[in-house]
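For the single chain, residues carry numbers from 1 onward in sequence order.
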Amino acid sequence: MPLRVPTEDALAELGEELFLDLTDEELAFFVEMAERKVESYETVMSYDPEPRLGGTEDRTRNAGRRVTSEEDPHNAWVTQCFVAGDDGGPLEGWEVGIKDNVSVAGVEMTCGSTVVEGYVPNRDATVTTRLLEAGADVVGKTNMDDMAMTSTGHSAFGPVLNPHNDDYLAGGSSGGSAVAVARGEVDVAIGSDQGGSVRVPAAFCGIVGHKPTYGLVPYTGCIGIEHAIDHPGPMGPDVESVARTLTAIAGSNERDLRSHSPVPVEQYEERLDGDVSDLSVGILEEGFDREGADEDVLETARNSIDRLEALGATVEEVSVPMHLDAKDIHDVCTSEGLLDAISGEALGHGWKAWYDRSWVESFGKFRRAQSDDFPPRLKLLLLMGSYTNTEYHSRYYARAMNLVVDLTERYDAVLEEYDLLAMPTAVTKPPEREPERDQYDRLRETDIVHNATPFNRTGHPGVSVPAGEVDGLPVGLMLVGSRFDDATALNAARALEA
């Protein structure tokens, strides 16, 4: 579609939104200049479009179909498909589920939302490409919370049910990935973590979920919430599966919005000797000090830490009081950060990186036509972000982002003395199903991701490993390490697992 020159009325309206009081002479001048600028836009669009599948045209692809409730009683899947991996790779023969906010070329991507339902990416996400090159076969897109906006397991296509008890939810937003792994329907799955979305459903479903160090795994081709907190991560039935997957997907990517420079990577599975005799673990006091915490869950997590001590680790109580305020800091940052991302068609502007044109153009149309269908939490964040930006000129956002630096330094100070921090992944059992309640009602509840969220802001790696059960429902222990020391956290989790 050719660029239309804006009218004077259109520029006047835009000027008001930008706090510009434009005179008639100015409006006429700017229309004249806009006419001259059209040629620049036409030049940009004159270049050939990008290859449809980003260099993967020769790969065997089956776009698949929607999964029925009879086939999928826990609602773990949106689409079943088949994309064949390369022969001879380290993950050859593995079947992988991909969260439905991670692009698989030629396969519908819904982000768990009716707003973008029907969108089909024309390129693979970087993590998808790396899994296929490692030999894994992609067998479907897993269900997720609506636009990744809750932590319970509520997709626009119905709740994702806990595989251990249908009366409870799987947690979110990567609930479908967790269920697919827990039920043995895939060897591993990819989730994304913006505030606990890999670790919390992993804990609730009794599997292993790892949020890598920020920037370790490229986010290119994934749809996030805010650039500062988005992490893709592996989810599997055991630590070795997760570590091998991390090896396959880790590494810098010059097209990534979040990290261009080389990042340190390892063969993570080779570090899994299970020896924790030289390990020092700090039990984060504030990770257990939460209103509404289930005492049985806390005790189960502590028993798991005791097992680390029995295996030879040094275990001591530590305190980071600011941890208790981290969720508030995160929420303030997220409101305006999300506003910026959504206004930039879910990618934003100003990054020296690759922009997914297909997604930008499609999302821009979808949100203008169907924004009323966004989930309540997304609407709330956008409204609060717009209000504080307009009325208070981002003073709260700036202050909160500065506090993230302070929070990061406080965790770093403790991690200079201890190899890992330990705490419950979540301090409650999984949320109950309660179909009579809607998402508006659930917004009034206390959040369940207080322990997980801070490390999305600070970028420290965190792994959730099964710690036991309470009333037949899994409990997860979270182990947090220094940035880019993912291997130490995974090895400690391996020791517990063994």
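Checking side-chain atoms of S241 against main-chain N and O of P237 turns up no donor-acceptor pair under 3.5 Å. In this structure, the side chain of N451 engages the main chain of P424 through a donor-acceptor pair within 3.5 Å. Side-chain N or O atoms of H210 include none that pairs as donor or acceptor with a backbone N or O of L490 at under 3.5 Å. The main-chain N or O of T220 is never found under 3.5 Å from a side-chain atom of N253 such that the two would form a donor-acceptor pair. Proximity of a side-chain donor or acceptor of N143 to a complementary backbone N or O of S155 within less than 3.5 Å is not detected. Using modelled atom types, no side-chain atom of S304 and backbone atom of A301 make a donor-acceptor pair closer than 3.5 Å. Side chain of N75 to main chain of G158: a donor-acceptor pair is present (N/O by atom type, distance under 3.5 Å, no hydrogens or angles).
Between Y219 and H231, the ring center distance fails the sub-6.0 Å criterion.
Using a cut-off of 4.0 Å between Lys/Arg side-chain N and Asp/Glu carboxylate O, R307 and E497 are scored as not salt-bridged. Classification of D275 and R494 as a salt-bridged pair fails, no side-chain N sitting under 4.0 Å from a carboxylate O. Salt bridge absent: D193 and K211 never bring a charged side-chain N and a carboxylate O closer than 4.0 Å. Salt bridge D331/K327: present, at least one basic N to carboxylate O contact under 4.0 Å.
Taking NE2 from H330 and OG1 from T458, the interatomic distance works out to 11.5 Å, rounded to the nearest 0.5 Å.
Partners of R367 by salt bridge (Lys or Arg N to Asp or Glu O under 4.0 Å), not counting sequence neighbours, listed by chain and number: E345. The side chain to side chain contact (heavy atoms under 4.5 Å, CB included) search around R66 returns V78, T79, E108, T110, E117, F157, not counting sequence neighbours. Annotation: side chain to side chain contact (heavy atoms under 4.5 Å, CB included) contacts of E133 (sequence neighbours excluded): R59, D86, T129. Under the side chain to side chain contact (heavy atoms under 4.5 Å, CB included) criterion, A493 pairs with V239, V463, V465, L479, sequence neighbours left out. Here A156 pairs with T114, D146 under the side chain to side chain contact (heavy atoms under 4.5 Å, CB included) rule; sequence neighbours left out.
Residue pairs meeting the ring-ring contact (aromatic ring centres under 6.0 Å, His included) criterion with at least one member in residues 86-116, sequence neighbours excluded, do not occur. Residue pairs satisfying the ring-ring contact (aromatic ring centres under 6.0 Å, His included) criterion with at least one member in residues 467-496, sequence neighbours excluded, are absent. Within the structure, every pair that satisfies the salt bridge (Lys or Arg N to Asp or Glu O under 4.0 Å) test and touches residues 459-475, not counting sequence neighbours, is listed here: K429-D471. Residue pairs meeting the salt bridge (Lys or Arg N to Asp or Glu O under 4.0 Å) criterion with at least one partner in residues 474-489, sequence neighbours excluded, are D412-R483. Sequence neighbours left out, the pairs with a member in residues 107-137 that pass ring-ring contact (aromatic ring centres under 6.0 Å, His included) are Y119-W359. For residues 159-186, the salt bridge (Lys or Arg N to Asp or Glu O under 4.0 Å) pairs, not counting sequence neighbours, are R183-E185.
The aromatic rings of Y411 and H460 sit perpendicular, their planes meeting at an angle over 60°, well past the 30° parallel limit.
Heavy atoms from other residues, nucleotides or ligands lying under 6.0 Å from CG of D278 number 12 at most.
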Side-chain atoms of residues 169-180: list all donor-acceptor pairs with protein atoms under 3.5 Å, sequence neighbours left out, distances to 0.1 Å.
| residue | atom | partner | partner atom | Å |
| --- | --- | --- | --- | --- |
| S173 | OG | K99 | NZ | 2.6 |
| S173 | OG | S197 | OG | 3.1 |
| S174 | OG | K99 | NZ | 2.9 |
| S174 | OG | S192 | N | 3.2 |
| S174 | OG | S192 | O | 3.1 |
| S174 | OG | S197 | O | 2.8 |
| S177 | OG | T142 | OG1 | 2.7 |
| S177 | OG | I190 | O | 3.0 |

### Task
Given salt bridge (Lys or Arg N to Asp or Glu O under 4.0 Å), test R244 with E270 step by step and report yes or no.
CA-CA 9 Å; R244 290 179 65 185; E270 295 180 2; over 6 Å; no

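Counting heavy atoms from C-beta on, the side chains of V139 and W77 come closer than 4.5 Å.
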